Each structure stands twice: as structure tokens, then as C-alpha cells.
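Below: one structure, written as C-alpha cells.
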Number of protein chains: 2
Amino acid sequence: MPDSDYRQRLEQQKQASTLQLLFKASRLANERALELVRARSPDTRVRPAHTALFPHIDLEGTRQTVLASRLGISKQAVGQLVDDLVAMGMVERVPDPDDARARLVCFTATGRLALLDGLAVLMQLQAELEGRLGAEVMHTLQQNLAALLSALEEGTAPG
Amino acid sequence: MPDSDYRQRLEQQKQASTLQLLFKASRLANERALELVRARSPDTRVRPAHTALFPHIDLEGTRQTVLASRLGISKQAVGQLVDDLVAMGMVERVPDPDDARARLVCFTATGRLALLDGLAVLMQLQAELEGRLGAEVMHTLQQNLAALLSALEEGTAPG
DNA sequence: TCTAATGGTAAAGCTACTTGACTATATCCG
DNA sequence: CGGATATAGTCAAGTAGCTTTACCATTAGA
């Protein structure tokens with residue numbers, strides 16, 4: 001393969017790199033959010049994987065299997081994260097009245113406060129980014145990401 | 001805290017979830033790409049972390065520290081990935097004529113073919129998504145992601 | 001009522017990193 | 001020139017965030 005061909009393909013790659021942008025942006029945003037959390041409460045033991053769970057826990061409690069499917073991860077992974085959150089006093093597992101196998105993951109009072117605090121961090125970062133990008137870009141980005149997400153979910157579901 | 005307040009905050013969270021969309025989309029796209037790779041060559045030992053390196057390796061070779069900074073990960077992490085790729089015969093480490101400490105990571109002939117093959121996979125996925133979202137959405141998504149990325153990089157650099 | 005599905009746990013392993021400590025070479029400077 | 005400091009890379013160990021496999025308890029369906 002001559003160099004010229006190779007270089008040409010590399011050019012194509014650059015054009016095809018939306019997905020790589022996605023990966024890198026995700027990584028960086030994650031890191032940045034973690035920085036903010038640590039700056040705000042340096043002794044926190046809550047990690048992003050935990051906070052990712054938070055918005056999916058309903059007020060009346062949510063089963064772990066439901067959390068797993070909402071997050072797109074295994075129920076065991078959810079179990080581990082919930083274990084951690086229970087140890088931190090953020091959530092508790094209460095028996096599900098409708099099914100003796102199941103338990104509902106519910107926030108404690110502490111957990112709710114932490115949720116709101118975490119929310120504040122996310123909004124801070126979001127506001128920071130919006131300040132640089134403009135509200136419109138931020139808005140269309142959200143729309144397009146949502147579309148991308150559903151396209152990705154569509155793609156795997158029927159297979 | 002009354003429930004009504006709590007519910008209201010949750011609504012805010014939903015609005016503030018661009019970043020969570022980003023995280024989830026990134027995860028899914030990664031998985032989808034991996035599926036495609038495995039469908040194409042079931043016995044491959046190359047993983048996404050390896051292929052992420054590929055577009056950053058220049059034709060004339062690239063130092064590991066440079067790769068690390070381009071990818072935003074530690075030089076040790078790059079070292080590990082390059083170790084793997086060397087074992088697979090994809091790349092080789094050649095001495096840097098300008099610096100006896102350094103070595104240049106270069107593609108082997110095998111590596112170049114693998115690169116082009118991986119590129120094809122990425123473009124396939126990209127085309128698949130573009131088919132669902134439309135070229136325009138895909139294009140603005142790329143633009144916006146690039147903007148987001150530079151905003152994120154700006155944010156950490158001066159700190 | 002037997003069977004299959006579902007909710008969850010236990011244990012181990014894997015990927016993709018990180019940190020800290022170290023060596024070898026290079027560069028700047030008095 | 002010599003010495004401090006920076007840089008390229010390696011080695012070893014640890015961590016985060018999952019997964020897979022195996023299993024138990026309960027429930028739902030034929």
C-alpha cells in the first residue's frame with residue numbers, strides 16, 4: 001500500500017471521527033464533573049457511577065432490575081453500586097409489597113440532599129459550558145445527542 | 001424537604017441531563033462499534049482502547065508521550081496499549097534518531113491493514129447512524145461535539 | 001404442580017485506566 | 001565542564017466500573 005493511499009484514508013478517518021469526538025468529550029466531561037464534586041466536598045466517597053444512578057431512582061422506590069435496564073448495565077453492577085450507596089447512608093432497600101423476591105431502592109433523607117447537591121454540580125458544569133458555547137449550541141447538542149441515543153438503541157434492539 | 005420541592009428539582013435534573021446523554025451515548029456507541037468489529041473478524045484481540053490509539057499514530061511514527069497527551073491519558077496507559085499492539089504485530093517501537101530516550105511507535109504493514117479495516121467499521125457505524133438521523137443532524141452533532149470538546153479542554157487547561 | 005421466568009446475591013475476572021517509584025537521557029545554566 | 005532539573009519511558013501495584021458464571025428464592029404460566 002503506497003503512502004499516498006494511506007494518507008488519503010487517514011483523511012477519511014478524520015471526517016469519520018464524530019464517534020471519536022463523542023468518546024473523548026464524554027471522558028473529559030466525566031473528569032470535569034468529578035473535579036467539581038471534589039472541590040465542593042473533598043471528602044466525598046460518591047463517584048460518578050453512583051450519581052448516574054440517582055436520577056433513575058423514583059420517589060416511591062425502584063427495583064434494581066429496573067435500574068439496570070434504565071442504565072443499560074447488568075443487575076449485578078447495579079447491586080454493587082446500591083451496596084455502596086447503602087453503606088454511605090444514601091439509599092435503603094425496602095421490601096417490595098408486590099413481590100417477595102424484589103426490594104425497592106429508596107432514597108434516605110441524606111440521599112435526597114446529596115442528590116440535590118449533585119444536581120447543583122451538574123448544573124454548574126452545564127452552565128459553565130453553556131457560557132462558552134451559547135445556549136443554542138447547547139440546546140441542539142442535547143437534541144442531537146438524544147436522537148443519536150435513540151438511533152443507537154434502535155440499532156441493537158431488533159437484532 | 002417536601003415531595004413537591006423534590007419533584008420540582010428532579011424536573012430540573014431532566015433538563016440538565018445533556019451530560020448524561022453524552023455519557024450514555026458514548027457507552028452505547030462504543031459497544032456497537034465493538035459488536036461490528038467482532039462480527040467482521042470474530043477472533044480479533046484488538047479492543048476499542050487499542051483502536052482509539054490508531055488515528056493518532058503518524059505515518060513517520062509517534063512518541064508515546066505524544067500519544068498520551070493527544071489522548072488525554074497517562075503515558076503508562078499508552079505504554080500498556082502499545083505493548084499489546086506490539087504483541088499483536090500491529091506496531092513496532094523504533095529508536096527516535098533525535099532523542100536516545102525516546103522511541104517512535106510505528107505501524108507495521110499488518111497494522112496499516114488493520115487500521116483501514118477498523119476505519120471501515122467506524123464508517124459503517126457512522127453511515128448506519130447517519131441513515132437514521134440524517135446527514136444534517138450528524139453534521140451539526142459533530143460540530144457541536146467539537147465545540148463542547150474545546151470548551152472542556154479550555155476549562156481545565158488554565159486551572 | 002411442575003416448569004420456566006424473574007429478582008437478587010456471590011464470587012471471580014476483565015478492561016482501562018491511575019499513582020508512585022524508578023532509570024536513562026537531555027537540556028539549561030552558572 | 002558539572003550539576004540541577006526536566007523529559008521519555010518502564011515497572012509494579014492499585015482502582016473503577018463494569019462483566020460472566022453460578023446460584024437461590026419467589027412467582028407466573030402451562
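Letters A, B, ... are given to chains in the order of the sequence lines, protein chains preceding strands, and every chain is numbered from 1. Here the structure is a predicted model, which is why all the values come from computation and not from measurement.
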Item checked: side chain to side chain contact (heavy atoms under 4.5 Å, CB included) partner of A:Val91, chosen from A:Thr108, A:Ile57, A:Asp84, A:Thr110 -> A:Ile57
Notebook entry, point to check: A:Glu35 CD to C:dT18 P: how many Å, rounded?
Noted result: 13 Å
Checklist line | A:Arg101: partners by side-chain hydrogen bond (donor to acceptor under 3.5 Å, both in side chains), with sequence neighbours left out | finding: A:Asp99
Note to self: Please say yes or no: joined through hydrophobic side-chain contacts below 4.5 Å, possibly via intermediate residues, are A:Leu149 and A:Leu141 part of one cluster?
What the structure shows: yes
Notebook entry, point to check: Are the side chain of B:Ser26 and the backbone N or O of A:Ser26 linked by a donor-acceptor pair below 3.5 Å?
Noted result: no
Between the protein and nucleotides 23-25 of chain D, list every N/O to N/O distance that falls short of 3.5 Å.
none

Check: Which whole-number value in Å describes the distance from B:Asp98 CG to C:dT25 P?
Finding: 16 Å
Check: From the list D:dT27, D:dC18, C:dG7, which nucleotide is the closest neighbour of the side chain of A:Arg63?
Finding: C:dG7
Item checked: Whole-Å distance separating the CG atom of A:Leu53 from the C1' atom of D:dC18 -> 13 Å
Next item on the list: Please list, chain by chain and in numerical order, all residues satisfying side chain to side chain contact (heavy atoms under 4.5 Å, CB included) with A:Gln64, sequence neighbours excluded.
Entry: A:Val78, A:Val82, A:Arg93, A:Val105
Check: Which pairs count as salt bridge (charged side-chain N to carboxylate O under 4.0 Å, His left out) when at least one residue sits in residues 65-74 of chain A, sequence neighbours excluded?
Finding: A:Asp58-A:Arg70
Check: For A:Ala33, what residues pass the side chain to side chain contact (heavy atoms under 4.5 Å, CB included) criterion, not counting sequence neighbours?
Finding: A:Leu125
Next item on the list: Applying salt bridge (Lys or Arg N to Asp or Glu O under 4.0 Å), name anything that partners A:Glu31, two or more places apart in sequence or on another chain.
Entry: A:Arg27
Check: Can you list, by residue number, the residues of residues 64-74 of chain A that have a non-hydrogen atom closer than 4.0 angstrom to DNA chain C?
Finding: A:Gln64, A:Thr65
Margin query: Would you say A:Arg27 places a side-chain N or O within less than 4.0 Å of OP1 or OP2 belonging to C:dC17?
Written below: yes
Next item on the list: Hydrophobic side-chain clustering at under 4.5 Å (ILVMFWY, transitive links): who's grouped with B:Val94? Put none if nobody.
Entry: B:Leu104
Checklist line | Set of residues satisfying side-chain hydrogen bond (donor to acceptor under 3.5 Å, both in side chains) with respect to B:Asn30, sequence neighbours excluded | finding: none
Item checked: Close approaches to DNA chain C from residues 76-96 of chain B, in residue order (heavy atom, under 4.0 Å) -> B:Gln76, B:Ala77, B:Gln80
Checklist line | Considering all heavy atoms, the nearest A:Pro55-A:Thr51 contact | finding: CD-O, 3.2 Å
Next item on the list: Using atom CD of A:Glu31 as one end and atom P of D:dA16 as the other, report the distance to the nearest whole Å.
Entry: 15 Å
Notebook entry, point to check: Nearest nucleotide by nearest heavy atom, which residue falls closer to the 5' end of DNA chain D, A:Pro48 or B:Asp99?
Noted result: B:Asp99
Check: Can you name the side chain to side chain contact (heavy atoms under 4.5 Å, CB included) partners of A:Ala114, sequence neighbours left out?
Finding: A:Phe54, A:Met90
Next item on the list: Would you kindly confirm whether A:Phe23 and A:Leu34 end up in one hydrophobic cluster when ILVMFWY residues are joined by side chain heavy atoms under 4.5 Å apart?
Entry: no
Check: Which dot-bracket string fits DNA chain C when only Watson-Crick or G-U wobble pairs with both atom distances under 3.5 Å count, crossing pairs get [ ], and | stands for a partner on a different strand?
Finding: ||||||||||||||||||||||||||||||
